[in-house]
Amino acid sequence: MAQVTLRRLVKEYEGGVQAVKGIDLEIADHEFVVLVGPSGCGKSTTLRMIAGLEDITGGEISIGGTVVNDIPPRDRDIAMVFQNYALYPHMTVFDNMAFGLTLRKFRKDEIQRRVMEAARILDITQLLDRKPKALSGGQRQRVAMGRAIVRDPKVFLFDEPLSNLDAKLRVQMRTEIKKVHQTVRTTTVYVTHDQVEAMTLADRVVVMNGGIIEQVGPPQELYHRPATRFVAGFIGSPAMNFIPARIEPASGALNLRLPGDILLPIPAERSDRYRAQGGREVLFGIRPEHLTETRQGRATYADLEVVPEVIEPMGMETLVHFHMDGTRDLCARLDPTIPAAPGQPLRLTADLANMHLLDPQSGRVL
Amino acid sequence: MASDATIAHAAPVIAPRATPPTTLQKMARRRSTIAFLLTLPLLAVIGGLVAWPAAYAIYLSTLNRRMTAFIGLENYAILLENDTFRMVIWQSCFFAITAVILKALIGFWLAHMLHHIPSKGQRVWRGMLLVPWVIPPALSTLGWWWMFEPSYSSINWLLAIFSVPPVPWLGEMWWARISVIIVNVWYGAPFFMIMYLAALKSVPDQLYEAADIDGATGWQRLRYVTLPMMRNIISITVLFSLIVTFANYDIVRVLTNGGPRDLTHVFASYAFQVGVLSGNIPRGAAVSLFMFPLLAVIAFFVLRGINERTKEIGA
């Protein structure tokens, strides 16, 4: 078990392209940290640098207090689960799991004990004699995890391990990974582009974009208090709505003027925070679940009328897509019993207690 | 609307009665028949250029010298009692096995070197290293003959610079055998190289990365990842090369012509000497067919192994 520290970590490829631009990150012992972000954001490169599979251009990586910049992967005491499993096709499941221990010259009975224990945890005991080709995607992923578990390493690294699985199996394996972590408590760094995976698995989520870290925090914090427009838009599905607006002072209070002359009163408890921004153009951010059917009786709710373009009944909820002047697709989340039809005006309520106001230039949340 | 549709569907439809296809038409439409017809040209080529000459050679080997009487396996029995032929068996096996092992090792080493140089430089080196395989062997062997020939030997001239006494490359039994092997390895190693290079490129990088993380050293990566992943291609190239090297003719013919004292003959050159130069076609056929059963058995087991591994690992 160990903590992982990244200090001013840089990865620059030939031609001067910087994939990782000097990031700092502290991962505590036993912690499950998920690096999440779109393709090309540098998350996999960061993971591979921690693994030692990529050279570091600048900065420092330490595992368990030891700087590992120049230590080869085999001596870093890490285990990695790859996106396409990377199981040795010519070895049985048992041999795949035992390989790392055999190379490290463990005694045969110890290898047997560890493999059987990992197989029991992952429920793959009956597969130990098979070759990877005879396994399903989910089974292969379990074997890949088993190969990591038997080593009892300081750190587990997962590189988009569920990307090759179908949606149903992905949900199942997500639970398995969480269970395994709760059992073995090994420090884990997990890379994914799927924010649902990140939110459900992580103790802390690291949102990366363009080679930098946008925000680090527990999933709920990222969801409720995003620091930037990127994080606000990336975390949550469907994504947060962004509407250009202006903060307007109005006899001691503040209003938000939205396109179409819609005027929303900023709740009194948030007014002080935005008072200095009076008259300023901002982005009004609100999640679809905070833009719902009309409800009465709460001071922080404000109504607005929209014309739905597309209705998506999801069973437990209905998504209503519409747009306002100067905006692209906006989305509201309605109770499925609410009648809504494309083209027919619909009255929605915005829960302004959960709104976000952002600086349109810097993208920072105000 | 819905009821209209129901009524329309319920109306009886009287289709014109089609004439049932004849047996010949049915047969022509069968997928197996079409497949057979499409492979017929290939079957004709294999039959005409492989099966028929092989069968005819087997038939010839059972005839007497004048090809007037059937003598069964007598040609083979006579050959086995012949000292020169026993030496040819030994020399052919020594030549083929040594040459194939050396070609495989050198080919693998070259492929490994090429695989680890940047792709731009790799193309140039790959092209240059393939040159021996592209030159017609009779022509390149002539060049080697010049280099080995005692009067003009450039190799001996180079050795002399380092004060090494001249080597009778083609005049002494073991040196002649070694010379024949050197030329065969020089000619054949690029084939192994290109096959192994393709195989190396097909090993997923992530297996090496997984092995690195599992704690493998460079040698262990080779031993536990590269070689097992290349087993099929190694098997098929060794088998193919073994068959071709056993049947090698031109290098021995040009370089030593079987000499000195018939000590460097292999099956093909000896078959030519017995069958064509000495005019005993049936015995020459028997010489050329001698290794066929053994090679067929080896080929059977190697190909079965490849098939099983392919099924098992999907490689």
Side-chain angles (χ1 to χ4, degrees), chain A residues 14 44 47-48 50-54 68 71-92 95-106 111 129-135 140 143-144 146-148 150-151 153-161 164, chain B residues 108 112 115-123 195-196 198-239 301-315:
Chain A
E14 273 179 46
S44 283
L47 189 84
R48 289 171 62 79
I50 298 172
L53 300 173
E54 294 273 359
V68 294
I71 295 178
R74 65 172 177 272
D75 297 326
R76 293 190 182 197
D77 200 8
I78 47 155
M80 187 159 170
V81 178
F82 294 86
Q83 183 177 350
N84 57 5
Y85 324 123
L87 299 177
Y88 309 113
H90 50 283
M91 294 185 195
T92 62
D95 292 338
N96 263 284
M97 289 167 70
F99 186 58
L101 303 176
T102 311
L103 293 180
R104 287 177 163 81
K105 300 197 173 7
F106 276 65
I111 293 174
D129 294 330
R130 292 201 201 162
K131 295 265 173 77
K133 200 195 171 195
L135 305 178
R140 287 181 200 185
V143 177
R147 186 167 66 179
V150 292
R151 293 256 319 279
K154 283 181 185 163
V155 184
F156 279 151
L157 305 173
F158 288 84
D159 188 6
E160 307 217 23
N164 287 3
Chain B
F108 185 80
H112 217 260
H115 188 53
H116 287 98
I117 59 176
S119 58
K120 198 179 170 189
Q122 201 179 97
R123 274 198 295 273
M195 295 294 278
Y196 290 166
L200 279 173
K201 284 184 187 298
S202 72
V203 180
D205 284 343
Q206 283 204 336
L207 288 188
Y208 291 120
E209 292 179 346
D212 278 344
I213 286 171
D214 273 335
T217 59
W219 165 248
Q220 285 168 328
R221 279 162 44 129
L222 184 72
R223 160 83 180 75
Y224 295 111
V225 180
T226 311
L227 290 176
M229 291 299 290
M230 289 177 64
R231 261 183 83 180
N232 275 358
I233 210 81
I234 290 172
S235 303
I236 200 84
T237 38
V238 166
L239 173 70
F301 283 107
V302 169
L303 293 174
R304 198 175 68 165
I306 290 169
N307 203 23
E308 278 170 7
R309 274 194 297 279
T310 307
K311 277 188 197 154
E312 218 170 61
I313 69 173

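Below, chain A is the first sequence line, B the second, and so on; all start at residue 1.
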Exercise. Rounded to the nearest 0.5 Å, what separation is found between the NZ atom of K131(A) and the NZ atom of K311(B)?
Worked result: 13.5 Å

Seminar exercise, completed: Paired with D214(B), the salt bridge (Lys or Arg N to Asp or Glu O under 4.0 Å) test is passed by just one of R151(A), R104(A), R74(A), namely R151(A)

Problem set entry | chain B contact via R48(A) - which portion, at a heavy-atom distance below 4.5 Å | side chain

Exercise. Do you know which two heavy atoms are closest between L207(B) and P89(A), and how far apart they sit?
Worked result: CD1-CD, 3.9 Å

Exercise. Do you know which two heavy atoms are closest between A210(B) and A86(A), and how far apart they sit?
Worked result: CB-O, 3.9 Å

Problem set entry | K105(A) atom NZ, over 12 foreign heavy atoms within 6.0 Å | no

Exercise. Taking all non-hydrogen atoms of both residues, which atom of A79(A) and which atom of I213(B) are closest, and how far apart?
Worked result: CA-CG2, 3.9 Å

Seminar exercise, completed: When the 4.5 angstrom heavy-atom criterion is applied to L87(A) and chain B, the contacting part is backbone

Exercise. Looking at I78(A), D77(A), N84(A), which has the largest count of heavy-atom pairs under 4.5 Å with chain B?
Worked result: N84(A)

Problem set entry | Region of D75(A) in contact with chain B, defined by heavy-atom distances below 4.5 Å | neither

Problem set entry | Closest contact, heavy atoms only, H90(A) versus M229(B) | ND1-SD, 3.7 Å

Problem set entry | Set of side-chain hydrogen bond (donor to acceptor under 3.5 Å, both in side chains) partners for R221(B), sequence neighbours left out | D212(B)

For this session: Tell me, for L53(A) versus chain B, whether the close heavy atoms (under 4.5 Å) come from the side chain, the backbone, both or neither.
Result: side chain

For this session: Evaluate side chain to side chain contact (heavy atoms under 4.5 Å, CB included) for Y224(B) paired with T102(A), printing each intermediate quantity in order.
Result: CA-CA 11 Å; Y224(B) 295 111; T102(A) 311; 5.7 Å; no

Exercise. Of all residues at least two apart in sequence or in a different chain, which pass the side-chain hydrogen bond (donor to acceptor under 3.5 Å, both in side chains) check with N164(A)?
Worked result: none

Exercise. Measuring from E209(B):CD to D159(A):CG, what's the distance to the nearest 0.5 Å?
Worked result: 9.0 Å

